[in-house]
Amino acid sequence: MSDNKPSTIADYDTRDNDAWMFSFAAAMIPFTGFCYGHSRGATGRVLEKLVKLPGGFHAIFLIPFVTLGMEKCIYDTAQSVQGINPNTRPADRGGFPSGGASLPSFSLVPVQKKNIVDVIRNKF
């Protein structure tokens, strides 16, 4: 990361006020999938299979770390699609709970040069 840290988010975030909807949808779609799976009994079946594996009881303690990693992956990918580097931390931010910029990016796509949401919006 370069030494010229932005002082606020507004220095590098050029999205309009409606852009939060993309981040919201990016987080809610997997979440609703998890809720649906839970309502159909998938959570119990996964835990049951974990316990039955050799050493599986101890794997239950990894679940919070795996789910946090999945959440960071979703968040970092949504930011990268919108052209925001998830590893950029402005000078007025940091510490708990916004310390994710200190961690490696789990984004599934590289940071885009253009906000893909704006590109799609301009085509329609």
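Below, all heavy atoms of this structure are taken into account, side chains as well, without hydrogens, waters or symmetry copies.
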What is the minimum heavy-atom distance between [X] and [Y], and which atoms define it?
| X | Y | answer |
| --- | --- | --- |
| Asp76 | Pro104 | OD2-O, 4.1 Å |
| Ala26 | Ile74 | O-CG2, 3.1 Å |
| Gly69 | Phe106 | O-CD2, 3.5 Å |
| His38 | Thr43 | ND1-OG1, 2.8 Å |

Taking the side chain as C-beta and beyond, is there a heavy-atom pair between [X] and [Y] under 4.5 Å?
| X | Y | result |
| --- | --- | --- |
| Cys73 | Glu71 | no |
| Tyr75 | Gln79 | yes |
| Met70 | Phe34 | yes |
| Val111 | Ile84 | no |

Shared hydrophobic cluster, Phe65 / Phe61 (ILVMFWY, side-chain heavy atoms < 4.5 Å):
no

Output the distance between atom CZ (Phe31) and atom OH (Tyr36), rounded to the nearest 0.5 Å.
16.0 Å

Reported CG-to-CD1 distance for the pair Leu50 and Ile60, which is rounded to 0.5 angstrom:
6.0 Å

With sequence neighbours excluded, residues passing side-chain hydrogen bond (donor to acceptor under 3.5 Å, both in side chains) with Ser80
Ser107

How would you list, by chain and number, every residue that makes a side-chain hydrogen bond (donor to acceptor under 3.5 Å, both in side chains) with Thr67, sequence neighbours excluded?
none

Decide side-chain contact (heavy atoms from CB on, under 4.5 Å) for Ile63 and Leu47; before the verdict, give the C-alpha distance in whole Å, the side-chain angles of both, and the deciding distance to 0.1 Å.
CA-CA 10 Å; Ile63 291 174; Leu47 290 175; 3.4 Å; yes

Please collect all salt bridge (charged side-chain N to carboxylate O under 4.0 Å, His left out) contacts where either partner lies in residues 37-51, sequence neighbours excluded, each pair once.
Glu48-Lys52

